[in-house]
Amino acid sequence: MSGRWAPGPRWGVLLALLLALGELPRARGVEEEPGGAHGEAQGFQVVTFEWHHVQDPYIIALWILVASLAKIGFHLSHKVTSVVPESALLIVLGLVLGGIVLAADHIASFSLTPTVFFFYLLPPIVLDAGYFMPNRLFFGNLGTILLYAVIGTVWNAATTGLSLYGVFLSGLMGDLNIGLLDFLLFGSLIAAVDPVAVLAVFEEVHVNEVLFIIVFGESLLNDAVTVVLYNVFESFVTLGGDKVTGVDCVKGIVSFFVVSLGGTLVGIVFAFLLSLVTRFTKHVRIIEPGFVFVLSYLSYLTSEMLSLSAILAITFCGICCQKYVKANISEQSATTVRYTMKMLASGAETIIFMFLGISAVDPLIWKWNTAFVLLTLLFISVYRAIGVVLQTWILNRYRMVQLEIIDQVVMSYGGLRGAVAYALVVLLDENKVKEKNLFVSTTIIVIFFTVIFQGLTIKPLVQWLKVKRSEQRDPKLNEKLHGRAFDHILSAIEDISGQIGHNYLRDKWSNFDRKFLSKILMRRSAQKSRDRILNVFHELNLKDAISYVAEGERRGSLAFIRSPSTDNMVNVDFSTPRPSTVEASVSYLLRENVSAVRLDMQSLEQRRQSIRDAEDMITHHTLQQYLYKPRQEYKHLYSRHGLTADEDEKQDTEIFHRTMRKRLESFKSAKLGINPHKKAAKLLKRERAQKRRNSSIPNGKLPMVSSLQDFTIKEKDLELSDTEEAPNYDDEMSGGIEFLANIGQDTATDSPSGIDNPAFSLEESPGILSGVPPWLCPGEAVVPSQRARLQIPHSPGNFHRLAPFRLSGKSVDSFLLADGPEEQPHAAPPESTHM
Amino acid sequence: MGSRASTLLRDEELEEIKKETGFSHSQITRLYSRFTSLDKGENGTLSREDFQRIPELAINPLGDRIINAFFPEGEDQVNFRGFMRTLAHFRPIEDNEKSKDVNGPEPLNSRSNKLHFAFRLYDLDKDDKISRDELLQGKAQLLPVEDRGGRLGQCKVLRMMVGVNISDEQLGSIADRTIQEADQDGDSAISFTEFVKVLEKVDVEQKMSIRFLH
């Protein structure tokens, strides 16, 4: 065993730990010479203390823990966090911690190193920004963003550097070993608005989306400018001022285009790869989320390797891949990606700000020059304001949405500097830049000033100026739908008036995307269900289901769903407000109950997710929530509910009946016609009569289908074709939608007027049902019952699937038992049904 | 081309259009040259066929309905004045327009006019209601045969906008849900008032405007 720890003491210890016993006597043995352990053998030691062995990762983990705990601490007091931005609190905390460390160690042991920052802390934040970038908004304002990012940053760098140099020449700063190029170098690194700081502060301010995207987009895209300016001036400083030639300047300009466009291109290439890879991860769902992180990180590293703009690369990787990746990966993976990304970004941000604070507590880096520091602060604020006003003046001539004065104020004021500047200034070579420490100190002051002071005051400022805020509100189907219509209208008007504008380009792009990109990069199954309108529709339905259940919980049970007295139609009638059902109708609840059930789409997702994880908990609570589970596993809805059915047989089966009745009615004739059990039908009739809902309906007359034979064959056809066309994934994804769609359909067809008109329905049905298997088409086989026709079961496969399940769920369901033998033969392999 | 166009456009006509639509002089001349280039019959009016020659419109789901919106009731031709009147709906609302003459005639590019333009695209039978079938069905069922020109009959508004991969039931339920969401008086149709109401949070002024080139 001792032979194995030849490689070195450290590895030896590692092995020792792993191989255990022989080395155990060696407590704290890393520094001791190998073998010494055996010398002082005191027999067998049960526990050893191996600090050095774990030191580095341990400290890292501890810092992360401290930062995270601090975050918890801040949020204990809502008052504090609502006034002071978290970033500012973290910096202060960092200062305190740094002070403690300094007091204990007498040297500043910890600081934010550029390597750690650029390689580990920055990428997650930028990736998060890119991956969740509101693309439409971003590209709609791309021109504006680019102008601010490029011209604005150059302007800031040049004016700040030159003005400082001017003041320096006047002698106000005293004697400094500094030249024009050093000032320009400093200007270039202090000029750039920092994405991390901007994000941290603006996320809490909630200014309107246009304003946010402009400031934030600028902070992301100015990276290329910063990198180039920084590199150019650094090499100029190295060369020495007198040796810089015009050629070098031209090279600098060329390198700007190479760096920015190259970085973007790298990002796009990796986004393409990433989308393509996720298209084929169907069988390795577990590692699916990993690809997103690994490939985008690789895009960052690749462009860093090629000395291109890494931030641009990873930003564009996120921006370009989001659509396809989100469509390709499973819902669980999407949630995993979202939460992991948010967690990493938020963690990185926390650590960055804390370490900015800690890094500042180091007596070695401080060199104070009042004039320099104050003038820097003054110049960056003033020149940013001037730059913003000038550029906005130009932009407003071309923008449709004008940037008002108050927007400009916020934009100027929101020019926060952050860790990028700090990391860049730390990277400077002390031998070349003689006054590095002055630059470092000033940068820290500038960062602290902008993050703490401006961060603190921007919220009151925004309130005081009455800047248009963004509002979180529930999506509306109408808004989405008509929004889409507006897009089409605008692009048509641009076509007619013969000009090429945003809408024209967007239209062209979306056509191109639909025709080529999506075909290559998206799973076939994903291509269909990704429509935005459909998504909103789907989300709204889910939400209805949730609030519906929440209402049930509020009342203490789901009894009201079942109880015929309240309103029997609630179960299917999800949101038509009608006088008699106002009390229970979901849309009413939605309006009434908004605060209680208010959910943004993310928490909705989250909630749905947690539901899925809690699958095994068959508590009353979960049972209720399973109402909206069906999107993934339709069958559980029923089996779960089946389990609850143990009190009053008749009562309990009623939910099931009601749902089934809808499905059954149109094609039940096939079964009921042959089925000896008229009981179910009678029951249905009775129920319906009793509830007197639709008096216009010709009293539950049963529709007739020609023959069972016919029915069965077609049923099989359907299942066959479904198996072919619907892979698992498709199943998962579209199932819920259709189920919910069915509900919607049921709902609507129940609405009191207009649709029940038979004449119209006759006309309409071929059109509406054209894409449906023939047996579903009521026109031919199914005769009279108006309601039956309108409430066609959209997937008989499902129905069949339910039956055995229901039985296995031990539910005592007379109805089903009766139908059981009929159903079983059709019970298709459950995974392959079309819902 | 611009100069040729402006010579063909009489000055007083230009002034009137300017007054009515709020377009600038240069915008009007530019659009006039566009108008004449669309006008293949060279008779000073555009027909439906002239519009349908624009290739992008052919693939626009709402293309035909938008073309129709250019034509006054029952007419097959639109002159430059009418052309401009329709386009004027999409002029952005400028700052100085927000306050001026409350009592005067409502400018064509007001919020309500913009919304009304969109509403009319849905409301095919002109009963001031969007019904379920108007969302779902094409014109085939709703217009008399002789009114249909070319491809008009195929356009199913919702189907075209949502995408071809969605089943008809889903489409139907989306239509239902859309109507439900907006419907307040329970008539299973969206009236213009309801339409305005449901879009009240939407920045229509911005989403229904384009920047016309000068």
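In what follows, every chain begins at residue 1, and chains take the letters A, B, ... in the order their sequences are listed. The figures here come from the full heavy-atom set of this structure, side chains too, leaving out hydrogens, waters and symmetry mates.
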State the CD1-CD distance between Ile67(B) and Glu49(B), to the nearest 0.5 angstrom. 9.5 Å
Residue list, salt bridge (Lys or Arg N to Asp or Glu O under 4.0 Å) with Asp128(B), at least two apart or on another chain: none
CA sep, side-chain torsions, deciding dist, call: Phe71(B), Phe51(B), ring pair (Phe, Tyr, Trp, His ring centres under 6.0 Å): CA-CA 11 Å; Phe71(B) 294 93; Phe51(B) 280 105; 5.7 Å; yes
Region of Phe35(B) in contact with chain A, defined by heavy-atom distances below 4.5 Å: neither
For Asp487(A), which atoms come within 4.5 Å of any heavy atom of chain B: side chain, backbone, both, or neither? neither
So what's closer than 4.5 Å to chain A heavy atoms on Leu115(B): side chain, backbone, both or neither? side chain
Of the backbone (N, CA, C, O) and the side chain (C-beta and beyond), which part of Ile66(B) lies under 4.5 Å from a heavy atom of chain A, both, or neither? side chain
Can you tell me which portion of Ile190(B) sits under 4.5 Å from chain A's heavy atoms? Options are side chain, backbone, both or neither. side chain
Is any side-chain N of the basic residue among Arg81(B) and Glu16(B) closer than 4.0 Å to the acidic one's carboxylate O? yes
Carefully, step by step, assess His482(A) and Phe195(B) under the rule ring pair (Phe, Tyr, Trp, His ring centres under 6.0 Å). CA-CA 10 Å; His482(A) 303 317; Phe195(B) 187 75; 4.7 Å; yes
